[in-house]
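Okay, structure first, notes after.
Throughout, numbering of the chain's residues begins at 1 and tracks the sequence.
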Amino acid sequence: MRHPPRLVLLFGGLLLAVGLLSPSPPGAAAAAPACTVEYSVTGQWDSGFQGSVKVTNNAAALSGWGLGFDFPAGQRLTQGWGAQWSQTSGASVSAANESWNGTLATGAGVTLGFLASWSGTNPAPTAFTLNGIACNGGSGPSQPPGSGAAPALKVSGNQLVDASGATRRLLGVNRSGGEFLCVQGYGIFDGPVDDAAVKAIADWGANTVRIPLNEECWLGLDNVKSPYGGADYIAAVQGLVRRVEAHGMTPLVELHWSHGVYTGNSSACPDVHATCQKPMPDAQYAPAFWSGVAGTFKSDPAVVFDLFNEPYPDRATSDTAAAWRCWRDGGACPGIGYEVAGMQDLLDAVRGTGATNPVLAGGLAYANDLSQWLTYQPHDPTGNLGAAWHGYNFNSCAVESCWSSTLAPVLARVPLVAGEIGENDCGHSYIDRAMAWLDARGASYLGWTWNTWDCSAGPALITSYDGTATPYGAGLRDHLRALTSS
């Protein structure tokens with residue numbers, strides 16, 4: 001869902017310090033180190049991991065900087081952000097400032113991120129330097145993946161099934177907040193996500209919660225305030241995933257806001273940062289995001305991945321075939337000024353971690369157009385790929401005849417999840433029709449959104465996080481409860 005601008009305006013790991021200091025003269029206080037480094041593993045999988053390094057300058061202001069450290073157990077750098085990273089040979093790693101973050105005032109910090117491979121063990125570096133001067137450093141534990149009562153899922157034909165082979169339709173809600181509040185600098189989730197708040201969702205009869213995410217916050221890029229990005233953000237997402245699963249619900253995590261300047265047709269903002277919806281994911285950060293997310297949750301087969309919220313490369317070009325090629329293959333896409341990561345690139349990033357979790361890919365026109373999805377679907381070596389569709393009363397494909405001609409052929413071949421359904425009139429006549437059509441064909445659907453916004457400004461299901469429904473939300477709630485009791 002595209003957030004109404006008015007709504008955006010309304011919301012404006014444990015690190016352990018280890019001293020590496022020179023001894024002080026007797027009776028004198030130890031001098032502050034010239035720099036402080038906090039190193040943490042924010043996600044780890046069989047052969048790779050995502051790391052975060054926060055560097056704070058405690059000495060005179062710098063107009064350029066270079067960080068150095070050695071990996072102690074043969075780890076190899078594969079990608080980095082926030083700096084110009086290098087590991088040409090051996091264990092030594094260097095990270096030099098970019099042109100835009102070279103100034104580091106006294107007391108100022110910069111947070112960098114990277115992906116690397118490992119085997120055997122993955123201990124943290126113990127010594128760091130900034131411009132050749134020794135820093136103190138520390139490391140923090142990575143957080144465990146989610147776990148709970150939700151079933152492990154895989155694709156079987158055109159259905160999602162659990163370990164026993166029973167069909168699992170994904171029926172529930174979206175829990176918006178993690179895509180925007182962090183990058184706006186106000187927090188991580190919009191409203192409570194504690195156990196009581198998650199239980200209120202389950203009490204509606206929901207069995208799935210879709211969790212929109214922000215790639216810059218997950219990666220801990222420097223434009224995100226440190227309490228809301230990197231290790232802290234990842235830990236918060238993992239906590240919500242665990243609570244969702246503890247109530248027997250499927251967590252569906254997805255990339256919602258991403259990096260890249262787009263000012264063309266239907267642009268949501270001119271900002272390079274992940275402060276709005278972009279027409280396609282970016283090659284610079286989106287694959288790294290999915291490597292980190294998939295690596296974090298690969299050992300939890302209850303988690304489902306949705307590659308990109310609402311692609312709209314078709315708004316950037318009148319060539320429909322070119323838009324679909326952009327959707328699948330990425331690269332230099334017509335009308336889009338940054339290098340695009342296609343659905344195949346993101347799927348490859350997920351599978352490159354060894355993750356076999358089910359993956360969904362939404363089509364064009366804000367995921368409302370699946371007319372060429374089967375023609376251009378990416379290749380998944382695990383066979384665990386499904387289609388995502390978004391349906392609102394104001395979309396072009398909002399009637400049964402369109403659903404029958406464009407959705408039915410897709411859902412006959414692969415699982416189809418309507419990741420967002422809703423309407424902007426505070427009623428539920430449209431979703432009543434959509435749910436009935438999807439029910440009859442064994443498809444899945446999730447209402448947008450479990451947030452206490454004004455339903456006249458956008459489809460909001462609730463007026464309170466205790467589950468009090470808007471008139472629109474009552475239509476979804478009553479339908480889900482009827483399905484549960486039948």
Of all heavy-atom pairs linking Ser176 and Asn451, the shortest is O-ND2, 2.9 Å
| message | Can you confirm if the aromatic rings of His256 and Trp218 lie within a centre distance of less than 6.0 Å? | response | no
Would you check, one step at a time, whether the test side-chain hydrogen bond (donor to acceptor under 3.5 Å, both in side chains) holds for Asn309 with Trp257?
-> CA-CA 8 Å; Asn309 176 46; Trp257 281 8; over 6 Å; no
Residues at least two apart in sequence or cross-chain that pass salt bridge (charged side-chain N to carboxylate O under 4.0 Å, His left out) with Asp478, listed by chain then number, are none
*Does the pair Asp203 and Arg477 meet the rule for a salt bridge (Lys or Arg N to Asp or Glu O under 4.0 Å), with working shown?*
CA-CA 9 Å; Asp203 287 345; Arg477 178 200 62 198; over 6 Å; no
task: Describe, in one word, how the ring planes of Phe305 and Phe297 are oriented to each other, choosing from parallel (under 30°), tilted (30 to 60°) and perpendicular (over 60°).
output: tilted
Any side-chain heavy atom of His479 within less than 4.5 Å of one from Leu476?
no
In terms of heavy-atom contacts, Leu385 and Pro378 come closest through CD2-O, 3.4 Å
Would the distance check show the side chain of Trp389 and the main-chain N or O of Tyr445 forming a donor-acceptor pair, the cut-off being under 3.5 Å?
no
Across all chains, not counting sequence neighbours, the side chain to side chain contact (heavy atoms under 4.5 Å, CB included) partners of Pro415 are Val155, Leu160
Which of Leu112, Thr111, Leu219 passes side chain to side chain contact (heavy atoms under 4.5 Å, CB included) with Trp81? It is Leu219
CG of Asp425 to CG of Asn393, rounded to nearest 0.5 Å, is 5.5 Å
Correct closest heavy-atom pair for Ser291 and Leu115 would be CB-CD1, 3.7 Å
task = Could you label the plane-to-plane angle of the Phe69 and Phe128 rings as parallel, tilted or perpendicular, counting under 30° as parallel and over 60° as perpendicular?
result = tilted
So CG of Asn174 and CD of Glu179: to nearest 0.5 Å the spacing works out to 9.0 Å
- prompt: Has the side chain of Thr470 got a donor or acceptor atom that lies under 3.5 Å from a matching backbone atom of Leu461?
  reply: yes
Any side-chain heavy-atom pair from Trp437 and Leu407 closer than 4.5 angstrom?
-> yes
Hits for side chain to side chain contact (heavy atoms under 4.5 Å, CB included) against Gln284, two or more places apart or cross-chain, chain-then-number order -> His259, Asp282
Distance col, row Gln277:CD vs Leu255:CG, nearest 0.5 angstrom, shows 10.0 Å
Looking only at atom types and distance, does a side-chain atom of Thr208 sit under 3.5 Å from a main-chain N or O of Leu170, one as donor and one as acceptor?
no
Thr296 side chain to Gly292 backbone, donor-acceptor under 3.5 Å:
yes
Here the salt bridge (Lys or Arg N to Asp or Glu O under 4.0 Å) pairs for residues 438-448, sequence neighbours left out, are Arg169-Asp439
Assert yes or no for the condition that the ring centre distance of Phe71 to Trp118 is strictly below 6.0 Å.
-> no
Rounded to the nearest 0.5 Å, the CZ atom of Arg243 sits from the CD atom of Gln238 at a distance of 11.0 Å
* Asked: Under a 4.5 Å cut-off applied to non-hydrogen side-chain atoms, are Leu438 and Leu416 in contact?
  -> yes
In short, Pro251 meets Ile211 closest at the heavy-atom pair CB-CD1, 4.4 Å
For residues 343-360, the side-chain hydrogen bond (donor to acceptor under 3.5 Å, both in side chains) pairs (sequence neighbours left out) are Gln344-Asp348, Arg351-Asp380, Arg351-Thr382
Sorted by chain and residue number, the salt bridge (charged side-chain N to carboxylate O under 4.0 Å, His left out) partners of Asp432 (sequence neighbours excluded) come out as none
In this structure, CD of Glu38 is separated from NZ of Lys54 (nearest 0.5 Å) by 5.5 Å
**Asked** With no hydrogens and no angle check, is any side-chain donor or acceptor of Asn395 less than 3.5 Å from a backbone partner on Cys397?
**Response** no
With the side chain counted from C-beta on, respond yes when Asp70 and Pro125 share a heavy-atom pair under 4.5 Å apart, and no when they do not. no
Review point. How about Gln159 and Lys154: do any of their side-chain heavy atoms sit closer than 4.5 Å?
Key: no
Between Thr463 (side chain) and Ala469 (backbone), is there a donor-acceptor pair under 3.5 Å? no
Practice item. Would you check if Cys326 and Met280 make a side-chain contact, meaning some heavy-atom pair closer than 4.5 Å? Key: yes
Salt bridge (charged side-chain N to carboxylate O under 4.0 Å, His left out) filter on Arg168, not counting sequence neighbours, yields none
Any donor-acceptor pair under 3.5 Å linking the side chain of Trp45 with the backbone of Ala294? no
Val303 side chain near Val253 side chain, heavy-atom distance below 4.5 Å: yes
Across all chains, not counting sequence neighbours, the side chain to side chain contact (heavy atoms under 4.5 Å, CB included) partners of Ala206 are Ile201, Met249, Leu480
d(Cys182 SG, Asn214 CG) to nearest 0.5 Å is 4.5 Å
Here the salt bridge (Lys or Arg N to Asp or Glu O under 4.0 Å) pairs for residues 213-223, sequence neighbours left out, are none
Does the Asn207 side chain pair with the main chain of Leu171, one donor and one acceptor, at a distance under 3.5 Å?
yes
So ring pair (Phe, Tyr, Trp, His ring centres under 6.0 Å) across residues 190-209, not counting sequence neighbours, yields Trp204-Trp450
All heavy atoms of Pro287 vs all of Leu346, minimum pair found to be N-CD2, 3.9 Å
- Message: Please check this pair: side chain of Tyr233 against backbone of Ser226, looking for a donor-acceptor N/O pair closer than 3.5 Å.
- Response: no
Worksheet item: Are the side chain of Tyr285 and the backbone N or O of Gly260 linked by a donor-acceptor pair below 3.5 Å?
Response: no
Looking only at heavy atoms, the pair that brings Pro279 and Tyr338 closest together is CD-OH, 3.6 Å
Point to revise | Verdict with reasoning, Ile234 to Asp232, per side-chain contact (heavy atoms from CB on, under 4.5 Å) | key: CA-CA 5 Å; Ile234 292 169; Asp232 291 334; over 6 Å; no
Side chains of Asn424 and Phe394 in contact at under 4.5 Å (non-hydrogen atoms) | yes
Leu77 meets the side chain to side chain contact (heavy atoms under 4.5 Å, CB included) criterion, sequence neighbours left out, with Trp85, Gln87, Phe114
Determine whether the side chains of Glu423 and Tyr392 contain a donor N or O and an acceptor N or O closer than 3.5 Å. no
Residue set satisfying salt bridge (charged side-chain N to carboxylate O under 4.0 Å, His left out) with Asp306, at least two apart, ordered chain then number -> Arg210
Stepwise side-chain contact (heavy atoms from CB on, under 4.5 Å) check, Leu213 with Phe289 = CA-CA 10 Å; Leu213 300 180; Phe289 166 86; 4.0 Å; yes
